[in-house]
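Since the structure comes first, as structure tokens, the remarks are kept for the end.
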Amino acid sequence: MPELDDSERNELQNTVARLLADRSSESDVRKTMETETGFDPALWQLLAEMGIVGLLIDEQFGGYGAGAMEIERVMEEVGAALLCSPLLASAVLAASVLGASGDDDAQRRLLPDMAKGTSIATIALTGTEGSWTPEGVAVRAESNGTDWTLSGTASFVIHGQNADVVLVVANTEQGTALFQVEPSELGTAIRALPTFDHTLRLAEIEFAATKAQLIGEDGNGWPAVEQGLNLTRVALAGEQAGGARRVLDMTVEYAKNRVQFGRAIGSFQAIKHMAADLLLESESATSAARHAAMSLASTSDDAEPAISLAGFACADAFSAVTAASIQMHGGIGFTWEHPAHLYLRRARADAQLFGTPMFYRERYIQQLGG
Amino acid sequence: MPELDDSERNELQNTVARLLADRSSESDVRKTMETETGFDPALWQLLAEMGIVGLLIDEQFGGYGAGAMEIERVMEEVGAALLCSPLLASAVLAASVLGASGDDDAQRRLLPDMAKGTSIATIALTGTEGSWTPEGVAVRAESNGTDWTLSGTASFVIHGQNADVVLVVANTEQGTALFQVEPSELGTAIRALPTFDHTLRLAEIEFAATKAQLIGEDGNGWPAVEQGLNLTRVALAGEQAGGARRVLDMTVEYAKNRVQFGRAIGSFQAIKHMAADLLLESESATSAARHAAMSLASTSDDAEPAISLAGFACADAFSAVTAASIQMHGGIGFTWEHPAHLYLRRARADAQLFGTPMFYRERYIQQLGG
Amino acid sequence: MSEASGDNPASVSNDAIRDEVQSWLADNWDPEAMKKGAFGPLGRDWTAKVVDAAWAATRWPKQWYGRDYNDAQARIVETEFARVGAPGTGQDRINLWANTVLTFGNEQFKKKYVPALLKSEINMCLLYSEPGAGSDLAGLRTRAERDGDEWVVNGQKVWTSGAATADYGMLVARTDWESPKHGGISFFFCPMKQPGVEVRPLRQITNESHFNEVFLTDVRIPATNLLGPLNGGWRVLQTALAYERSMMGEGARGPRSGAKGASEKGEEELIALAREAGRLSDPVLRQDIARVIAYKKLNALNTARAKAELEQGTSSPIMSLGKLAMSRILHEEAKLRTNLLDAGSLLESSDYPRAEDANFLTLNAYFTSIGGGTDQIQRNIIGERVLGLPKEPEVDRDVPFRSVRSS
Amino acid sequence: MSEASGDNPASVSNDAIRDEVQSWLADNWDPEAMKKGAFGPLGRDWTAKVVDAAWAATRWPKQWYGRDYNDAQARIVETEFARVGAPGTGQDRINLWANTVLTFGNEQFKKKYVPALLKSEINMCLLYSEPGAGSDLAGLRTRAERDGDEWVVNGQKVWTSGAATADYGMLVARTDWESPKHGGISFFFCPMKQPGVEVRPLRQITNESHFNEVFLTDVRIPATNLLGPLNGGWRVLQTALAYERSMMGEGARGPRSGAKGASEKGEEELIALAREAGRLSDPVLRQDIARVIAYKKLNALNTARAKAELEQGTSSPIMSLGKLAMSRILHEEAKLRTNLLDAGSLLESSDYPRAEDANFLTLNAYFTSIGGGTDQIQRNIIGERVLGLPKEPEVDRDVPFRSVRSS
């Protein structure tokens, strides 16, 4: 894929928006989120055919070789539509870690099916504490010289129960390394976790001398993981910005139409001023997510702090907008039938995955030299 | 003084309120705050004659032997009227530390004139870092066996430039001790500090082998200081609560009368809802200050956390109310001639003296066992 | 007849009242019997006993099961009941239904329903809010039309609890569409066990169903069940709402696993939770914990001060702040609990009770910040009624309701 | 005449424009001369040169000192001026006075004042706000009455800067008291050097005096100095305010010791300040520092995105958010600076520059959150103009101004 310009990126985003308006409506989301796998295979195939699933995968492996700026735009629509899918796990996190792993064999073996959407991948990275840092890795790998086995627990594995490619980050004597485990080796050791965000799927995996295959170099796995995490954080920031914008639009629309005391409630300053403040949050989130994407794409020095900034600004904005949205809707917003709480649940999940706002703020000031 | 009941306390408070309405009006405050000493000696004498200056001093030394609950009420009016005076320094902090010092000689020598208002006392306690804790003491005392000398710097000494009784907290080989220094020994070593709050007077004192007299027991000075500080913190909480209440009243009054767009601005939700939130802050501050006073007066187990709670709740409330008040007044609130900024300045000063809100919150959770 | 129930209650000494209630409780109250169910379902037999002995509503007139006590006297009775853990008294303060009927019913109606309501013999529900009339309750559009000796009601109500089991509902409906909004509303005691009443559970964001939607189709109410004057229902409703508010306030729910009510000892639980999560040493969270504990403590102190001031006869502005304060407490505690758990808050189910607490509280906090008047409406009330700030222009106030704009 | 100033400006190539302006600047601009004052007081001789060479307002028509350039072409000129540090161009964007006169003056008036305004030969001030007309500018009560060939003005204006040195003021005054508020206002070019104009400095809470109160007593204005139609001054004012807004935005003042403008590199200064104060290791303050730096950075990113969108022809909702964002930045930075200093913030004077910074910023932040439309008015504007939410009922909109309620 040749590098896109901004109007082509707009077009990409609009294409995804149209598809999701059609196939990931509120009622689609409600139906899908109650299924066991938590995603719609037919829609997944459509996304693969459109090239979204393979967006970040190199052209030589059947993907489109696009980057941060493109996936960020796609994810804005994913957030807006509350898409239920393993996109983040497989097409973003796993695909980009594999892409950065430098392991040509593994890439050849795994990426083409991932790009086609016929294979779903995930990465088991953090333990039960849920810290997406080297210190958070709680799986230990041991080698008898030729074969590797893994022990320990990995948790918060996104769509782990749906993956046929399970990548695992583990500590070795040399440092950190990336492994692949066949799902057949896992059996009941992989356990679906109950999630507060019904549009998300998480799993926990217990490794007990489980056979595994090394990917990339022993001891030098973390840089690829970090590279993939950074891209994933940008993608997630896009999801948050897009979700915030959609919820704000929905809420403003309601405030224009809901009449109390003979006036649209949006004519009351209590509602109007909240909406104005939320617009600032929401627009700032979009700016932060897109700036992080651009910095990462241009491998600017600024990329690390830009990602941290997006990490907390987008999480805080999505949380603030969804929280206020329920309040601004009043009684109807307190009902299960209204979508406001579905977005709130997603916002809460997104504010935890890969790092909390507090974590990102601390990281930000460090990256700025503080 | 026999213990007062609540209606007598109300009467005490009303008496002070009437006096200050008469003698500490806004124009009085503006006039007094621009004088060098920063207080009105005639009003100080009136307060002494009414028994306010000697309120906390034991009856045997010419005072009224009242306690935390009485001074808290008095200070509510002091805050409301922005009284310029050494009341907190002399009649509260110095008087109560002396009262707790157990040094009968010093009490006999100093307290009667302090109660009469003919003598003004202060305590030099903290160094230039401004931490009112044992660690914050930056003056060192040395003894040749009979005579003591002090060295080091004490800062933020309230009304230090006006005091004829200068008490100093200093570190000795035995621990902490309280000393008295004759102002004649200090000369130019006592230097007035420029204050952002023009109704406050602060000084810095450089001790260089300065002659001093020990008060109480060497090494065991801190408990008396702490006891006096606690009472002073309660008094200051009362000042903050009273100040917050007065500023809110003033602002609500303005919002009722100021017309824009053909309506009183208080009819707009932006103003009305701010006022409602500020009422919660202001009432909570009053509850916190009075509860702290009651806990301290009844020597309840709860007294320590109650004082910390009042420490941050009252400071935050006074800050929030004064900050919002300027905004709610609009342009007129941005002028020197309007009193809003005088209260803001006092609120900022009060939020620093004896501990910041952050300091009190940390102390609070410690005191609750956390 | 003892001295305490003599003819001139004001002259009855506090000691005499205390003696009488203590001796009556000693003779009648049996906590073990209550526990074993010997007082019938929901302890109704006990309540009946309390009512018959005139302890249920001592501030009320003697002809209506009361004793004409003043507030201080009634508090003595309540204190003694509370001391032994016996329920049933203080209904003159907290029984919304009985109070409303006593105030607005005619003699015959009161004779029929007051004892039954005091004795909890009939189940009740509230038919106030509508999908189009939430914050603006006076904008209600359920209509009642006169048909002979009956009223015929059509419309939809919402946020009704207990509708499925209720015998009667207290209903507000519009009886005059030509008057301005407040002037065309009447207040009814509506029989619920009839075919036109359809009750559907309403699913909340917490995935619970404590409330219902109630669809009313040609529902019939005897004309005698009108409470207060025709088209004078707004005033009846205000009185009923005041009773309801005095019942609430202490009712906010904390985390799902916790007991009801924001305990004053909440500090210990939050500190323990932080310790358990290994986060108690985090200075940032320590500030937040202190803040949340302080909100709770300050609200408790405010309430205590308001009560003390009321007892001294000073009207207190603080009472009306409690609901707004509680809303902040709940939302802030939810945030704190989430931050203490971090990624743990991604989970829910009884296997993860701490996560369930944080998540439930996050959602259920809106029950307080929206239900019974949103925080925004509450701020209006505080601004106008407590601080005396002027109302906003009301565009629909003097317009015939028929022409008022709706969603 | 070079190609770049040919008859059909749209056809002029960017390169040709760049060449022409570069060569003109090379021939004329001399930064050393400017520094030494060789271009006269305030560099007025330089400005006159720029005006005479038609670089001052290139978007304007040729007959009015311009070149009929489109925006992209004009930006080239501005870029080249900026590159060498030369002032004087871009006045078609930022010269509020000249733009207003050009748009609303008649031919004769424009001939007289446009060049003088472009060349900064006359000093100007704004006579808009009044003590009783702040947020509600249309509620102004300064009156202008016709007397032969003149208008006679009486009233009081406030928040005027430069009134003491101004030759003329742009004045809004009421000329019709029977029309509703917006319909009775006229816009004047008011001579300030006359006896009826009394200027008093206004002391701000920062103890500075950047503004004045202006008392107008029988002030006389030639009838030709009416800009725009009689009683049509509200529209003139809106245009003038729009020019003013495009001048502001970057003008907010940070801490007293700092330069103007919220620098994008504010992060470094705040981190350095924390380090200097020995507080950089405090985890609570680190969170706050990150928050404040983020507010600044996000505002810069928003502004950059808005500009990019405008250049692509998409109208951006973000522009209107800048003032509100700036208000938050300033207030939050003031709090942070206070917390970094703790007791140090008790002091002020040049001996304690850090304290002075924190205290000044604390007060001066209100200049942004109140001045030029309070945050509350700004939220109304964003809610209504950007989000399309309906306006509040306006009680005074259709009432003859004479009957409108005032303070």
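Throughout, protein chains are lettered first and strands after them, A, B, ... in sequence-line order, and every chain is numbered starting at 1. What you see is a predicted model, and the numbers here were worked out from it, not measured in a lab.
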Any donor-acceptor pair under 3.5 Å from B/K272 side chain to C/P390 backbone: yes
Closest-packed option against chain B by number of heavy-atom pairs under 4.5 Å, given C/R328, C/R291, C/K391: C/R291
Structural part of B/M358 lying under 4.5 Å from a heavy atom of chain C: both
Segment of B/L280 engaging chain C (4.5 angstrom heavy-atom cut-off): both
CG/B/D301: more than 12 non-hydrogen atoms of other groups inside 6.0 Å: no
Proximal component of B/Y360, with respect to chain C [non-hydrogen, under 4.5 Å]: neither
Proximity breakdown for B/E281 and chain C, heavy-atom pairs closer than 4.5 Å: side chain
Leading residue by heavy atom contact count with chain C [cutoff under 4.5 Å; candidates B/H273, B/E362, B/Q269]: B/H273
Side chain / backbone / both / neither for B/D316 at chain C, heavy atoms under 4.5 Å: neither
Nearest non-hydrogen partners of B/A276 and C/R379, listed with the distance: CB-O, 3.7 Å
Max heavy-atom pair count under 4.5 Å with chain B, selected residue of C/N302, C/L324, C/I382, C/L298: C/N302
Heavy-atom pair count under 4.5 Å with chain B, highest-scoring of C/L301, C/I289, C/I318, C/I381: C/L301
Segment of B/E253 engaging chain C (4.5 angstrom heavy-atom cut-off): neither
